[in-house]
Amino acid sequence: MPLSSLARVRRHNRPSGHTGRLWSVRTQLLAPILIATAGLLVLGAIQTGDALAASTDAERARVLAGTATATVSLVHELERELGESAALRQRGGTSGRQLVDAQRRRVDEASERYQSASSDARRAAPDLGRDLDGVTEHLDQLDEARIAALTTDNADASYVALVESLLAVADALPAQLRDPELANRAREVAAVAAQEHLASLERDLLRAIFVRGELVEGELVRLGRLRGAQEQRQAEFSRIAGERATGAYTRLIAGSDVSTARRMRDSALNADTEPAALAADGDAWYVAQSGAIRRFNLLGRELSDELDRRAAELATAARQRALVTGGATTGLALVSLGPHQPPVAPPAGGGADHGTPGAARADHRHRGR
């Protein structure tokens with residue numbers, strides 16, 4: 001066979017478009033896999049981003065939950081210091097001074113915890129800055145108020161202003177929580193803290209009235225306003241509280257001290273028609289109302305602890321979801337992009353080529369010559 005004929009056979013067996021057709025087949029096979037893999041990566045990135053955002057928000061919620069707990073704790077300790085200071089004045093300013101000093105140390109410890117928590121909250125939720133600044137301003141005046149509180153009730157307004165600034169922080173915290181469950185729990189804590197504060201104001205006012213045995217101008221109106229504010233906060237709590245919080249309220253806000261305090265308060269509110277009600281024992285009232293306040297504090301602590309615990313659970317779960325989602329996306333992408341067997345090209349020469357149509361035609365032309 002002439003050399004030119006063999007060359008023509010080889011060229012006929014391996015046409016010029018053969019390699020291009022192989023690439024076309026490979027592309028057709030890989031294109032759906034590549035498209036699916038790209039879609040999987042995009043979807044996985046979105047899901048991982050959402051999981052990471054949820055984890056960040058849960059950690060932020062945990063910080064704000066800790067701030068709520070520290071806030072209501074400081075409110076309670078300040079209320080106790082105010083009450084001890086008022087009792088010291090009524091005893092002449094000397095008897096029981098050690099009780100005041102011990103309570104002030106507890107306030108200082110609670111203040112340190114609050115300031116640490118508020119620093120974290122300021123970073124986590126800058127929108128709280130204005131309310132936190134208000135607390136800082138009043139805290140700076142506490143030492144001066146303490147000096148005056150030993151001899152006069154003129155400083156009581158400074159304590160009340162500080163407590164109300166703390167309650168403003170507690171009321172602002174739920175709006176900074178994106179998780180509806182945590183936000184609602186924070187509202188429960190704030191509503192209970194407000195009721196405790198109002199009960200404390202009522203305790204101090206009625207004690208002075210009972211000790212005096214009569215009302216002075218404006219005190220009955222103040223009592224009515226305090227009662228109305230308490231009912232409003234109690235209605236708010238009843239509206240937002242879940243089954244768990246409602247059960248805790250029913251369990252804790254009960255007992256002889258609570259019923260005694262309610263009876264004495266209601267009698268004082270009817271002093272216009274029952275003047276004898278103001279002849280009640282001021283110390284008995286103070287003890288009963290202090291017991292009721294303690295129960296509000298126990299309820300607030302229980303709800304705050306549950307808020308902290310739930311925030312920690314959500315943060316842990318969010319971190320785990322982020323890790324699982326990211327790992328699953330990466331694993332599926334690696335599997336999708338794994339080695340794939342390319343299509344096998346037919347042999348370029350040899351006896352096997354004669355079984356193909358092209359080889360048969362080339363062999364026929366060769367024999368014809």
Side-chain angles (χ1 to χ4, degrees), residues 68-90 96 99-100 102-104 106-107 110-111 114 135 138-139 142 145-146 149 153-171 189-211 219 221-234 236-237 249 252-253 255 257-266 268-269 280 282-304:
T69 301
T71 300
V72 298
S73 177
L74 181 54
V75 166
H76 175 70
E77 299 299 345
L78 283 167
E79 299 283 11
R80 292 184 62 185
E81 180 178 334
L82 178 58
E84 292 292 352
S85 299
L88 177 64
R89 292 195 304 268
Q90 292 176 357
L99 297 176
V100 175
Q103 181 56 35
R104 287 181 174 182
R106 286 190 285 270
V107 168
S111 178
Y114 164 79
V135 176
H138 289 295
L139 274 175
L142 181 58
R146 281 174 165 176
D153 60 1
N154 293 336
D156 291 358
S158 297
Y159 281 90
V160 173
L162 173 55
V163 168
E164 290 179 348
S165 68
L166 287 165
L167 292 175
V169 171
D171 284 329
V189 172
V192 171
Q195 290 183 69
E196 180 184 350
H197 169 60
L198 293 169
S200 178
L201 294 178
E202 190 177 61
R203 177 188 61 186
D204 297 338
L205 177 57
L206 270 176
R207 183 179 189 179
I209 292 174
F210 288 145
V211 169
E219 285 184 334
V221 174
R222 288 178 59 194
L223 281 174
R225 288 176 178 173
L226 286 174
R227 184 57 190 154
Q230 282 183 303
E231 291 177 348
Q232 180 180 356
R233 281 294 198 168
Q234 185 175 354
E236 176 187 351
F237 179 85
Y249 188 97
L252 290 172
I253 311 301
D257 47 2
V258 175
S259 59
T260 298
R262 286 174 179 170
R263 175 178 53 79
M264 297 181 73
R265 178 201 60 213
D266 292 343
L269 287 171
D283 290 336
W285 156 256
Y286 187 89
V287 170
Q289 185 71 343
S290 295
I293 292 171
R294 182 180 63 84
R295 291 179 176 275
F296 275 115
N297 179 251
L298 291 175
L299 175 61
R301 287 179 181 271
E302 181 173 320
L303 297 180
S304 296

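Along the sequence shown, the residues carry numbers beginning at 1. In what follows, every heavy atom counts, from backbone to side chain, and hydrogens, waters and symmetry copies are set aside.
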Exercise. For Y286, which residues count as a ring pair (Phe, Tyr, Trp, His ring centres under 6.0 Å) partner, sequence neighbours excluded?
Worked result: none
Exercise. How would you list, by chain and number, every residue that makes a salt bridge (Lys or Arg N to Asp or Glu O under 4.0 Å) with R106, sequence neighbours excluded?
Worked result: none
Problem set entry | Taking every non-hydrogen atom, the tightest pair across A190 and D171 | CB-OD1, 3.5 Å
Exercise. If every non-hydrogen atom of G83 is compared with every non-hydrogen atom of R203, which pair is closest and at what distance?
Worked result: CA-NH2, 3.9 Å
Exercise. Residues two or more places apart in sequence or in another chain: which of them pass side chain to side chain contact (heavy atoms under 4.5 Å, CB included) with S304?
Worked result: T69, V72, V189
Problem set entry | Results of side chain to side chain donor-acceptor pair (under 3.5 Å) for R295 - residues two or more places apart only | D257
For this session: In sequence, state the C-alpha distance, the side-chain angles, and the governing distance for Q195 and Y249, and then conclude on side chain to side chain contact (heavy atoms under 4.5 Å, CB included).
Result: CA-CA 12 Å; Q195 290 183 69; Y249 188 97; 3.5 Å; yes
Problem set entry | Counterpart residues, side chain to side chain contact (heavy atoms under 4.5 Å, CB included), relative to A168 (two or more places apart) | D131
Exercise. Does any donor atom in the side chain of E202 or Q289 lie under 3.5 Å from an acceptor atom in the other side chain?
Worked result: yes
Acceptor/donor pairs from residues 222-231 side chains to any protein atom, 3.5 angstrom cut, sequence neighbours excluded:
from : atom 1 : to   : atom 2 : distance (Å)
R227 : NE     : E231 : OE2    : 3.4

Problem set entry | Euclidean distance, I209 CD1 relative to E219 CD, rounded to 0.5 Å | 4.0 Å
Exercise. What residues, two or more places apart in sequence or in another chain, satisfy salt bridge (Lys or Arg N to Asp or Glu O under 4.0 Å) together with D153?
Worked result: none
Problem set entry | Derivation of the side chain to side chain contact (heavy atoms under 4.5 Å, CB included) call for V169 and Y114 | CA-CA 11 Å; V169 171; Y114 164 79; 4.3 Å; yes
For this session: Mind checking the CG-CD spacing from L201 to E196? Nearest 0.5 Å is all I need.
Result: 11.0 Å
Exercise. What's the spacing between L205 CG and S200 OG if we round to 0.5 Å?
Worked result: 11.0 Å
Exercise. What pairs with A194 under side chain to side chain contact (heavy atoms under 4.5 Å, CB included), at least two apart in sequence or on another chain?
Worked result: R233
Seminar exercise, completed: Scanning both residues in full, the closest heavy-atom pair of A110 with L74 reads CB-CD1, 3.9 Å
For this session: Check L206 against A268 and note the closest heavy-atom contact, atom names and distance.
Result: CD2-CB, 3.5 Å
Exercise. In Å and rounded to the nearest 0.5 Å, what is the CG to CZ distance from L82 to R80?
Worked result: 12.5 Å
Exercise. Who passes side chain to side chain contact (heavy atoms under 4.5 Å, CB included) against D283, sequence neighbours left out?
Worked result: R207, D281
Show the atom names and distances, to 0.1 Å, of all donor-acceptor pairs under 3.5 Å that link a side chain in residues 156-166 to residues at least two apart or in another chain.
from : atom 1 : to   : atom 2 : distance (Å)
D156 : OD2    : R89  : NH2    : 3.1
Y159 : OH     : E81  : OE2    : 2.6
S165 : OG     : L162 : O      : 2.6

Exercise. Quick one: does E77's side chain have a donor or acceptor within less than 3.5 Å of a partner on Q103's backbone?
Worked result: no
Exercise. Can you name the residues that form a side chain to side chain donor-acceptor pair (under 3.5 Å) with N297, not counting sequence neighbours?
Worked result: H76, R301
For this session: Would you sort out whether L88 and L99 count as a side chain to side chain contact (heavy atoms under 4.5 Å, CB included), showing the intermediate values?
Result: CA-CA 9 Å; L88 177 64; L99 297 176; over 6 Å; no
Exercise. With sequence neighbours excluded, what pairs up with E84 under the salt bridge (Lys or Arg N to Asp or Glu O under 4.0 Å) test?
Worked result: none
For this session: List the steps and the verdict of side chain to side chain contact (heavy atoms under 4.5 Å, CB included) for L252 and E302.
Result: CA-CA 10 Å; L252 290 172; E302 181 173 320; 3.8 Å; yes
For this session: List the atom of F210, the atom of G282, and the distance in Å for their closest heavy-atom pair.
Result: CB-CA, 3.7 Å
Problem set entry | Contact check, side chains of V107 and R146, non-hydrogen atoms, under 4.5 Å | yes
